[in-house]
Asks: 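Take a look at the following structure, please.
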Amino acid sequence: MRLLLLACLRAQTGNATTAGRIQDHLEAVGHICSLKDASGYENPSEIANLISAEKFEAALAIHLYKGGRLLQGSRIPFGIIFGGTDINEDIKHEEKHRVMGAVLEEARFAVAFTEKMKELAAAEWPDARSKIYIQTQGIMTTPSATFNWKRFLQNAEWHRREPHMHLIIIGPAVDPQFTSEVNEKVTRAPGVHLLQEIPQDDLHAAVKRCFAVVNSSISEGMSAAILEAMDLDVPVLARNIPGNAAIIQHKDTGLLFTNPQEFVQLSKSLMNDPSLERKIVTKAKAYVKKHHSWECEREAYQNLVLKLQ
Ligand SMILES: *[C@@H]1O[C@H](CO)[C@@H](O)[C@H](O)[C@H]1NC(C)=O
């Protein structure tokens with residue numbers, strides 16, 4: 001099939017990574033799957049033109065609003081993959097809620113990453129319940145062999161008390177104002193470094209050489225970065241918010257903190273207790289292999305697109 005996959009493709013973000021993975025799953029069984037950036041289109045008629053011009057036979061969209069709204073009234077069959085913020089945030093907005101309901105009605109199937117996401121959507125649109133599938137994100141890490149930390153850290157100012165410890169923040173500067181606030185704080189914090197995004201294989205190699213991965217987010221989502229760290233045998237210290245608590249069991253597959261004091265205390269116990277570290281790493285790896293299998297995700301999408309024929 002010639003498939004269109006619509007998603008927000010801002011480089012090195014979660015949605016873009018998921019889209020790339022799904023594209024790979026589908027092309028592996030002979031489909032042609034074109035990725036298009038949803039933010040480059042205004043309305044469904046622009047997408048209708050694209051569909052005729054490129055002779056797409058079916059479509060997929062990530063995010064019920066951002067991607068899905070562009071497929072409203074589409075003459076080709078399509079499926080939806082919930083993004084997270086659609087069900088958690090956009091749903092509160094009356095007009096977006098209406099559009100999302102209409103899109104879901106037209107969709108042949110929808111995919112939720114978690115049971116909870118499915119339940120939220122099904123509570124809102126009960127008629128759609130039977131077509132919502134649960135498929136967690138598949139994780140496969142591929143650390144590059146040639147990655148060299150020294151390139152990044154040669155100008156680093158050593159942390160005063162723990163000179164061998166650094167906190168490294170890596171990622172694209174999405175919001176310029178927030179980035180400049182972070183930048184300003186980081187400049188005054190020895191041992192903390194802000195680095196721009198790097199290719200995923202290098203990121204995996206970098207993470208693999210870290211003592212721990214920290215997630216201090218206060219906003220919701222499902223963190224592929226945490227799952228990748230687990231797959232790379234690196235312990236995770238994450239803020240105790242529902243998105244993180246859904247994938248981490250405290251002191252079992254990672255450590256959850258609620259405030260800075262707890263973060264410090266848990267970091268110390270991780271540094272001083274190698275048996276705790278070993279246990280966490282082993283259990284986290286088993287969890288990812290069992291619940292975030294890349295092979296299962298591949299098979300699930302290859303089967304789901306058959307519903308679009
Ligand atoms: C941190 O966790 C939140 C919530 O699970 C998630 O939305 C975010 O993407 C995560 N970020 C990183 C870098 O792990």
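The first residue in the sequence is number 1, and the count goes up from there. Predicted model only: the values in this text are computed from it and were never measured. Each ligand, and each atom within it, is numbered from 1 in the order the structure gives.
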Asks: Taking D201 for the side chain and H204 for the main chain, is one N or O donor matched with an acceptor at less than 3.5 Å?
Replies: no
Asks: To the nearest 0.1 Å, how far is atom 5 (O) of ligand 1 from its closest protein heavy atom, and which atom is that?
Replies: N244 OD1, 2.7 Å
Asks: Treating R21 as the side-chain partner and G138 as the backbone partner, does any N or O pair qualify as donor plus acceptor under 3.5 Å?
Replies: yes
Asks: Mark yes when over 12 heavy atoms from residues, nucleotides or ligands other than Q249 sit less than 6.0 Å from its CD; otherwise mark no.
Replies: no
Asks: Of the listed options (I170, I248, N215), which comes nearest to atom 2 (O) of ligand 1 when hydrogens are ignored and any heavy atom counts?
Replies: N215
Asks: Report yes or no: does a heavy atom of I241 sit under 4.0 Å from some atom of ligand 1?
Replies: yes
Asks: Checking a contact table here: which protein heavy atom is nearest atom 6 (C) of ligand 1, and how many Å away?
Replies: S223 CB, 4.1 Å
Asks: Check ligand 1 against S217 and write out every atom of the ligand that is under 4.0 Å from a heavy-atom position of the residue.
Replies: 1 (C), 2 (O), 3 (C)
Asks: Could you list the residues that satisfy side-chain hydrogen bond (donor to acceptor under 3.5 Å, both in side chains) with K289, not counting sequence neighbours?
Replies: D231
Asks: Please answer whether the main-chain N or O of L232 pairs with a side-chain N or O of K208 as donor and acceptor at a distance below 3.5 Å.
Replies: yes
Asks: Quick one: look up the protein heavy atom nearest atom 13 (C) of ligand 1 and list residue, atom name and how far away it is.
Replies: A225 CB, 3.9 Å
